[in-house]
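Keep in mind that this is a model prediction, so the values were computed, not measured.
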Amino acid sequence: MTQDQGARLREIARRAMVQYGMEPEFPPQASAELQQLQPAGADGLRDLRGLPWSSIDNDESRDLDQLEVAVDGVTPRVLVAIADVDALVRPASAIDAHARKNTTSVYTPARVFAMLPPELSTDLTSLNEGEDRAAIVVDMTVGGDGTVAESEVYLAVVRNQAKLTYAAVGAWLEERGPRPDGVAEVAGLEAQLRLQDRIAGLLRAQRQRHGALDFDRTEVKPVLTDGRVSELRVEQPNRARDLIESFMVAANGVSARFLSSRTLPSIRRVVRSPERWPRIVELARQHGTALPDAPDALALEAFLKARRAAAPDQFGDLSLSVIKLLGRGEYVAEGPKEQSSGHFALAVSAYTHSTAPNRRYPDLVTERLLKAAMAGEPSPYTLEELSALAAHCTTQEDAANKVERLVRKAAEAIWMSDRIGQTFTAVVTGASAKGTWVRIGSPPVEGKLEQGTEGLDVGDRLEVRLVRTDPERGFIDFVRT
């Protein structure tokens with residue numbers, strides 16, 4: 001290809017944003033509003049700047065939404081600080097209107113379409129290292145069995161002492177790499193991270209006892225270097241990612257229960273009972289396991305755990321198949337006395353998104369609700385308004401996923417274009433009237449099966465041959481051999 005691949009992918013990404021009903025650019029009025037903004041003040045906030053806060057995120061992340069710290073004791077505490085984005089992004093502003101339109105940041109290999117202007121999300125409302133920032137703190141006491149025994153939600157001023165990454169912290173915790181840069185520079189941070197890791201293990205074990213599903217979360221990330229797709233990097237889960245996930249799940253649960261206890265409505269994140277449980281039962285039967293006829297998270301997790309131990313090389317394919325069969329998550333509005341269907345995969349009944357207000361609009365809405373609850377004020381949104389917002393956020397999240405998938409597939413199509421004619425072992429990841437999709441093993445790329453689809457369903461394994469790529473449309477086409 002003679003054209004700069006990065007430029008081509010950026011144009012594909014921009015067109016996809018428009019195609020799926022999202023705004024790729026910020027409105028002109030947002031620039032005028034930005035000129036008037038200053039960092040949120042700390043008057044009246046608890047001063048927690050002396051604690052050894054740190055952030056753990058992706059290597060390239062600049063929009064830091066949360067910090068973590070643990071306090072040891074007979075019953076340890078975990079504190080999660082969430083950036084107070086609402087302090088600067090006010091309802092009905094041009095910045096808020098753009099965020100409300102898109103509802104999420106969209107991450108593509110070529111360009112990030114941030115929900116908020118970078119002057120906010122990577123600066124004024126980001127919990128950057130060495131900066132004093134206003135935050136909502138979710139303060140949790142964690143028992144020896146991994147339950148959150150007590151919790152508080154309050155406003156505070158915090159300071160990030162160390163900006164760390166999943167890759168470096170994960171390798172260190174798993175004894176695959178050296179102590180991360182920056183850890184030695186903060187007194188007590190090494191012991192702090194090990195304490196956090198221990199508490200996260202308790203939280204994770206408690207959720208697994210209740211049926212939380214442990215999937216293979218390997219991801220493929222196209223990498224651009226000097227305007228060309230240079231690599232399809234495979235990112236593996238690790239202890240650092242598990243640590244942050246456990247703290248975020250716990251904090252989101254506390255946020256949901258806090259709003260209910262203050263009789264305020266909320267937007268909940270739910271994954272209902274699996275849409276295609278009978279097919280999951282059939283997959284388990286093929287591996288010699290009998291699952292109940294009715295959806296059962298505990299039984300499914302036991303099956304997944306056994307298969308991970310018995311055939312680790314094939315677990316990724318099985319895991320992906322089950323994820324596809326579970327169905328998508330969605331946002332729903334819930335009154336203070338209502339009970340949603342909960343989050344099947346996380347095994348939690350009360351769950352809201354609250355920990356990423358720089359990049360997800362439902363989290364910003366939840367932040368406003370939490371601040372109203374703390375102040376003893378009525379909800380800033382009616383239940384009807386929240387219901388409309390929840391439906392819109394689900395729609396836009398689906399749109400964002402389509403944009404991200406299209407651009408990722410375009411990059412993968414570029415990478416795969418010189419492998420046409422090669423054969424691969426694959427697993428079926430989708431089968432419907434719209435078509436049949438398969439994912440090959442190395443590199444783990446998904447494409448459409450254009451020939452030989454008869455009788456196939458999600459989870460089936462087969463041999464395929466790559467016959468066509470079309471980066472412009474994100475097409476990677478295979479036929480059955």
Open item on the list: Test of understanding: with ring-ring contact (aromatic ring centres under 6.0 Å, His included), list the residues that count as partners of F26, not counting sequence neighbours.
Closed with: H98
- [ ] Indicate yes or no: at least one non-hydrogen side-chain atom of R62 is less than 4.5 angstrom from one of P118.
- [x] no
Open item on the list: When you compare the side chains of D63 and S126, does any donor N or O come within less than 3.5 Å of an acceptor on the partner?
Closed with: no
TODO: Flag the pair I476 / K409 as yes when at least one side-chain heavy-atom distance between them is below 4.5 Å, and no otherwise.
DONE: yes
Task: Nearest heavy atoms of L45 and V157, plus distance in Å - done: CB-N, 3.9 Å
Open item on the list: Counting only heavy atoms not in D145 (residues, nucleotides, ligands), do more than 12 fall under 6.0 Å from its CG?
Closed with: yes
Task: Test log, rule salt bridge (Lys or Arg N to Asp or Glu O under 4.0 Å), inputs R241 and E245 - done: CA-CA 6 Å; R241 290 183 182 275; E245 179 185 80; over 6 Å; no
Task: Partners passing ring-ring contact (aromatic ring centres under 6.0 Å, His included) against Y331 (at least two apart in sequence or in another chain) - done: H353
Open item on the list: Show the nearest heavy-atom pair for residues I56 and A240, with the distance to one decimal.
Closed with: CG2-CB, 4.2 Å
Open item on the list: What I want to find out is whether E446 reaches K324 closely enough, with some N-O distance under 4.0 Å, to be called a salt bridge.
Closed with: yes
- [ ] Can you sort out the partners of R204 under salt bridge (Lys or Arg N to Asp or Glu O under 4.0 Å), two or more places apart, ordered by chain and number?
- [x] none
Open item on the list: Could you work out, with side-chain hydrogen bond (donor to acceptor under 3.5 Å, both in side chains) as the rule, every residue matching R10, not counting sequence neighbours?
Closed with: none
Task: Lys/Arg-Asp/Glu bridge criterion (N-O < 4.0 Å) met for R328, E397 - done: no
Open item on the list: Checking E25 now: which residues fulfil side-chain hydrogen bond (donor to acceptor under 3.5 Å, both in side chains) with it, not counting sequence neighbours?
Closed with: R111
Open item on the list: Between S55 and D57, is there a side-chain donor-acceptor contact under 3.5 Å, judged purely by atom types and distance?
Closed with: no
- [ ] Check whether any side-chain heavy atom of R207 lies under 4.5 Å from a side-chain heavy atom of V249, and answer yes or no.
- [x] yes
- [ ] Carefully, step by step, assess E11 and R8 under the rule salt bridge (Lys or Arg N to Asp or Glu O under 4.0 Å).
- [x] CA-CA 5 Å; E11 179 56 24; R8 186 181 185 186; over 6 Å; no
Task: Minimum heavy-atom distance between W172 and P178, given as atom pair plus value - done: CB-O, 3.4 Å
TODO: Determine, for E377 against R262, whether the closest basic-nitrogen to carboxylate-oxygen distance falls under 4.0 angstrom.
DONE: no
Open item on the list: I'd like to check the side-chain hydrogen bond (donor to acceptor under 3.5 Å, both in side chains) partners of R133; sequence neighbours left out, ordered by chain and number.
Closed with: none
Task: Check ion pair R179-E190 (N to O, under 4.0 angstrom) - done: yes
TODO: Applying side-chain contact (heavy atoms from CB on, under 4.5 Å), name anything that partners A171, two or more places apart in sequence or on another chain.
DONE: R176
Task: Residue list, salt bridge (Lys or Arg N to Asp or Glu O under 4.0 Å) with E384, at least two apart or on another chain - done: none
TODO: Would you tell me whether T218 and Q236 have side-chain atoms, one donor and one acceptor, within less than 3.5 Å of each other?
DONE: yes
Open item on the list: Does E175 have more than 12 heavy atoms from other residues, nucleotides or ligands lying within 6.0 Å of its CD?
Closed with: no
- [ ] Under the side-chain hydrogen bond (donor to acceptor under 3.5 Å, both in side chains) rule, collect the residues that match up with N238, sequence neighbours excluded.
- [x] none
- [ ] Go through R49 and E131 one step at a time and tell me if the salt bridge (Lys or Arg N to Asp or Glu O under 4.0 Å) criterion holds.
- [x] CA-CA 10 Å; R49 289 173 292 181; E131 299 286 350; over 6 Å; no
Mind listing the side-chain donor-acceptor pairs of residues 84-96 below 3.5 Å, one per line with the distance, residues two or more places apart or on another chain?
from, atom 1, to, atom 2, distance (Å)
D84, OD1, A87, N, 3.2
D84, OD1, K371, NZ, 3.0
D84, OD2, K371, NZ, 3.2
D86, OD1, R90, NH1, 2.9
D86, OD1, R368, NE, 2.9
D86, OD2, R90, NH1, 2.9
D86, OD2, K371, NZ, 2.9
R90, NH1, D86, O, 2.7
S93, OG, R90, O, 2.7
S93, OG, D96, N, 3.0
D96, OD1, Y361, OH, 3.0
D96, OD1, R368, NH1, 3.2
D96, OD1, R368, NH2, 2.9
D96, OD2, Y361, OH, 3.1

Task: I12 side chain near R473 side chain, heavy-atom distance below 4.5 Å - done: no
- [ ] May I ask you to say whether K221 pairs ionically with E412, meaning some side-chain N is under 4.0 Å from a carboxylate O?
- [x] no
Task: Minimum-distance pair of heavy atoms, taken over all atoms of A372 and P380 - done: CB-CD, 3.8 Å
Open item on the list: What's the separation between atom CG in N401 and atom OG1 in T104, rounded to the nearest 0.5 Å?
Closed with: 8.0 Å
- [ ] Could you please spell out the steps behind the side-chain hydrogen bond (donor to acceptor under 3.5 Å, both in side chains) verdict for Y166 and N58?
- [x] CA-CA 6 Å; Y166 290 130; N58 293 309; 5.8 Å; no
TODO: Supply the atom-to-atom distance I82 CD1 to L155 CG, rounded to the nearest 0.5 angstrom.
DONE: 11.0 Å
- [ ] Evaluate the side-chain proximity of N160 to L64: yes if any heavy-atom separation is below 4.5 Å, no if none is.
- [x] yes
Task: Residues S230 and R228: side-chain donor-acceptor under 3.5 angstrom - done: no
TODO: Run the salt-bridge test on E334 and R268 with the 4.0 Å N-O cut-off and return the result as yes or no.
DONE: yes
- [ ] Scan side-chain atoms only and decide if S255 and S354 contain a donor-acceptor pair under the 3.5 Å cut-off.
- [x] yes
Open item on the list: Quick check on D43: does its CG atom have over 12 non-hydrogen neighbours (other residues, nucleotides or ligands) under 6.0 Å away?
Closed with: no
Open item on the list: According to salt bridge (Lys or Arg N to Asp or Glu O under 4.0 Å), who are the partners of D181, at least two apart in sequence or on a separate chain?
Closed with: none
Task: Residue pair V153 / I136, side-chain heavy-atom distance below 4.5 Å - done: yes
TODO: Evaluate the side-chain proximity of V106 to E404: yes if any heavy-atom separation is below 4.5 Å, no if none is.
DONE: yes
TODO: Check whether more than 12 heavy atoms from other residues, nucleotides or ligands sit under 6.0 Å from atom NZ of K163, and answer yes or no.
DONE: yes
TODO: Mind running side-chain contact (heavy atoms from CB on, under 4.5 Å) on R14 and V18 for me, showing each step along the way?
DONE: CA-CA 7 Å; R14 190 198 64 79; V18 174; 4.2 Å; yes
TODO: Check the side chains of Q192 and Q196 for a donor-acceptor pair under 3.5 angstrom, ignoring hydrogens and angles.
DONE: yes
Open item on the list: If I compare all heavy atoms of T141 with all of T75, which pair ends up nearest, and what's the gap?
Closed with: CG2-CG2, 3.0 Å
Task: Lys/Arg-Asp/Glu bridge criterion (N-O < 4.0 Å) met for D214, R308 - done: yes
TODO: Evaluate the side-chain proximity of S54 to V186: yes if any heavy-atom separation is below 4.5 Å, no if none is.
DONE: no
Open item on the list: If the condition is salt bridge (Lys or Arg N to Asp or Glu O under 4.0 Å), which residues does R233 pass it with, not counting sequence neighbours?
Closed with: E231
- [ ] Compare every heavy atom of L48 with every heavy atom of A156, then report the nearest pair and how far apart it is.
- [x] CB-CD1, 3.8 Å
